[in-house]
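Starting from 1, each residue takes its place in the sequence as its number.
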Amino acid sequence: MDIIVLGLSHKTAPLELREKLHIPESDLPDALEGLGACGQILERMMLSTCNRVETYAVVDEVEGTRRFLVEYLAERNKLSPEDFESSLYLLTADQAVRHIFRVASSLDAMVVGESQILGQVKAAYGTALERDATGLILNNLMERAFHVAKRVRTETGIATSAVSVSSAAIELAKKIFGDLRGRAVMLIGAGKMSELSAKHLLAEGVGSVIVANRNITRAVELAERFSGRAVHYDAARAEMVRADIIISSTGAPHQILSKADLQEIILQRRNRPIFVIDIAVPRDIDPAANEIDNVYLYDLDDLQGVVQANLRERQREADRAEVLIDREVAQFTHWLESLKVIPTIIAMRRKVESIREEELERVLAKLHDLSPEERQAISLLTSSIVNKILHDPMTELKRQSAQKDGHLYVNILRRLFAIRDD
């Protein structure tokens with residue numbers, strides 16, 4: 001019996017291939033049903049995200065299961081095994097356990113420390129539970145994975161620093177204003193980056209959003225999404241006086257705001273600070289505007305610098321998390337190994353108990369004058385002797401079973417007690 005992980009991810013396969021093998025959430029129950037056709041798969045679940053497609057399973061035989069899974073994925077997605085087999089990885093035993101812990105903890109993510117993957121793993125596990133596709137081992141493994149992910153989040157700083165341009169902008173805005181609640185935001189241009197930044201700001205509780213765009217229809221559409229207000233691009237400068245945070249991304253071929261423009265705006269704001277994020281290429285705003293008191297201007301390079309510094313910090317925290325995961329893998333492996341000795345312990349106790357009962361019955365048959373109480377006392381005595389004789393061997397067997405050569409102790413004991421495999 002082995003735990004395996006078979007799959008591919010952003011580390012081994014391009015997006016084009018991951019798209020071909022992706023399993024929509026609505027199709028996961030059917031996919032799990034298909035895996036159930038393999039008699040060598042005892043427990044199973046599947047995880048399919050934009051960055052990975054993986055099967056987690058408890059199996060009787062690894063190589064046969066691998067062949068089945070490859071053929072199954074090929075048939076299901078109308079591909080040839082040659083189209084994707086070189087991108088697959090197969091992990092077994094403690095390496096499989098470590099991988100699952102790292103995935104749940106976002107250490108194997110494209111952006112280390114991102115929070116979305118844990119929810120995706122929980123959803124995939126929930127689907128497997130609903131289909132009765134899991135059992136003792138996968139249930140314990142996944143619950144332990146969620147525990148590990150929580151420890152990584154709470155005991156390291158892996159998720160505390162911004163690692164996207166939009167989240168870096170929010171981090172900088174907080175340094176300037178502290179609490180962002182009630183602040184006014186203005187979007188100049190209605191591109192995807194502006195939209196994403198605005199979403200992050202709304203999550204921080206900003207008070208209002210103004211959208212200025214040459215295409216007023218697009219401005220209205222975006223403003224409605226944020227419960228904000230749309231204005232035509234020509235009215236943008238007049239509206240900037242009301243904005244504490246400006247996000248500019250117009251795609252214009254030239255600068256749309258000069259240093260003089262921002263000097264006039266800051267005067268009208270009576271020197272109240274204004275935070276300007278220029279994420280346009282080429283830049284929308286004259287870099288010299290940063291020389292004005294209470295104007296805090298950041299462009300893409302500035303934000304990328306914050307992102308890179310934070311990524312380095314996350315990597316240091318990830319190294320701490322890896323040490324934590326190593327200890328958790330060892331604990332789970334210890335528990336898993338202890339399961340292998342249970343059938344031997346049960347068989348050994350059953351055999352010794354059978355001998356006790358047989359001998360007790362033989363002796364009691366000769367002792368006709370014993371009272372029921374005396375017979376019961378003798379039975380309890382023999383049972384106590386058996387328990388005490390077995391205690392030390394069983395305790396040592398459990399301890400040794402978790403060691404690297406633990407299987408040798410199990411095999412020796414089975415031979416000594418003439419325990420045969422069923």
Side-chain angles (χ1 to χ4, degrees), residues 162-174 176-177 180-270 272-290 292 294-307:
V163 290
S164 68
V165 166
S166 53
S167 56
I170 308 311
E171 184 177 286
L172 291 170
K174 285 182 175 179
I176 295 166
F177 296 113
L180 299 184
R181 283 178 295 183
R183 297 291 176 180
V185 178
M186 182 173 188
L187 306 182
I188 307 175
K192 288 294 181 184
M193 190 74 80
S194 296
E195 181 179 349
L196 187 58
S197 298
K199 285 180 180 177
H200 279 81
L201 286 164
L202 282 170
E204 294 292 333
V206 296
S208 61
V209 177
I210 306 167
V211 183
N213 196 52
R214 291 190 185 279
N215 184 332
I216 191 63
T217 303
R218 169 63 178 158
V220 169
E221 177 189 327
L222 193 57
E224 287 177 350
R225 195 175 304 170
F226 298 136
S227 300
R229 181 165 57 89
V231 298
H232 194 275
Y233 178 79
D234 295 337
R237 290 188 191 179
E239 295 288 344
M240 286 180 199
V241 177
R242 300 180 179 86
D244 301 300
I245 300 169
I246 297 173
I247 303 170
S248 186
S249 179
T250 67
H254 51 75
Q255 292 179 356
I256 64 169
L257 283 174
S258 67
K259 180 179 178 180
D261 292 328
L262 279 163
Q263 280 178 322
E264 179 62 27
I265 290 168
I266 203 73
L267 281 174
Q268 292 181 47
R269 286 177 58 81
R270 297 182 181 179
R272 284 183 293 115
I274 188 167
F275 179 52
V276 185
I277 308 167
D278 184 356
I279 48 180
V281 180
R283 286 178 288 185
D284 282 340
I285 301 163
D286 182 0
N290 230 343
I292 305 170
N294 291 322
V295 172
Y296 299 90
L297 171 62
Y298 292 87
D299 61 23
L300 268 178
D301 281 352
D302 297 324
L303 296 175
Q304 289 290 359
V306 173
V307 167

Distance, nearest 0.5 Å, that separates [atom1] of [X] from [atom2] of [Y]:
X      : Y      : atom1 : atom2 : answer
Asp286 : Gln255 : CG    : CD    : 4.5 Å
Ile245 : Tyr296 : CD1   : OH    : 13.0 Å
Leu180 : Ile170 : CG    : CD1   : 7.0 Å
Tyr233 : Asn215 : OH    : CG    : 14.0 Å
Ile277 : Leu300 : CD1   : CG    : 10.5 Å
Leu187 : Thr250 : CG    : OG1   : 12.5 Å

Looking only at non-hydrogen atoms, find the nearest pair between [X] and [Y] and report the distance.
X      : Y      : answer
Ala289 : Leu297 : CB-CD2, 4.2 Å
Ala223 : Arg229 : CB-C, 3.7 Å
Val306 : Ala168 : CG1-CB, 3.9 Å
Ala184 : Ser208 : CB-OG, 3.5 Å
Met240 : Ile265 : SD-CD1, 3.5 Å
Asn294 : Ile266 : O-CD1, 3.7 Å

- Task: Determine, step by step, whether Glu195 and Arg225 satisfy the salt bridge (charged side-chain N to carboxylate O under 4.0 Å, His left out) criterion, reporting the C-alpha distance in whole Å, the side-chain angles of both residues, the deciding distance to 0.1 Å, and the verdict.
- Result: CA-CA 10 Å; Glu195 181 179 349; Arg225 195 175 304 170; 2.3 Å; yes
- Task: Could you walk me through whether Asp244 and Arg269 pass side chain to side chain contact (heavy atoms under 4.5 Å, CB included), step by step?
- Result: CA-CA 9 Å; Asp244 301 300; Arg269 286 177 58 81; 2.9 Å; yes
- salt bridge (Lys or Arg N to Asp or Glu O under 4.0 Å) partner of Glu204, chosen from Arg181, Lys199, Lys174: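 By the salt bridge (Lys or Arg N to Asp or Glu O under 4.0 Å) criterion, Glu204 pairs with just one of Arg181, Lys199, Lys174: Lys174.
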- Task: Show your working on side chain to side chain contact (heavy atoms under 4.5 Å, CB included) between Arg218 and Val211 and close with a plain yes or no.
- Result: CA-CA 9 Å; Arg218 169 63 178 158; Val211 183; over 6 Å; no
- Message: So, applying side-chain hydrogen bond (donor to acceptor under 3.5 Å, both in side chains) with Ser248, which one of Asp299, Asp278, Asp284 is it?
- Response: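 Filter result, single survivor: Asp284.
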- Message: As a test of understanding, state which of Ile256, Ile247, Asn213 forms a side-chain contact (heavy atoms from CB on, under 4.5 Å) with Ile188.
- Response: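 Single pass found, and it is Ile256.
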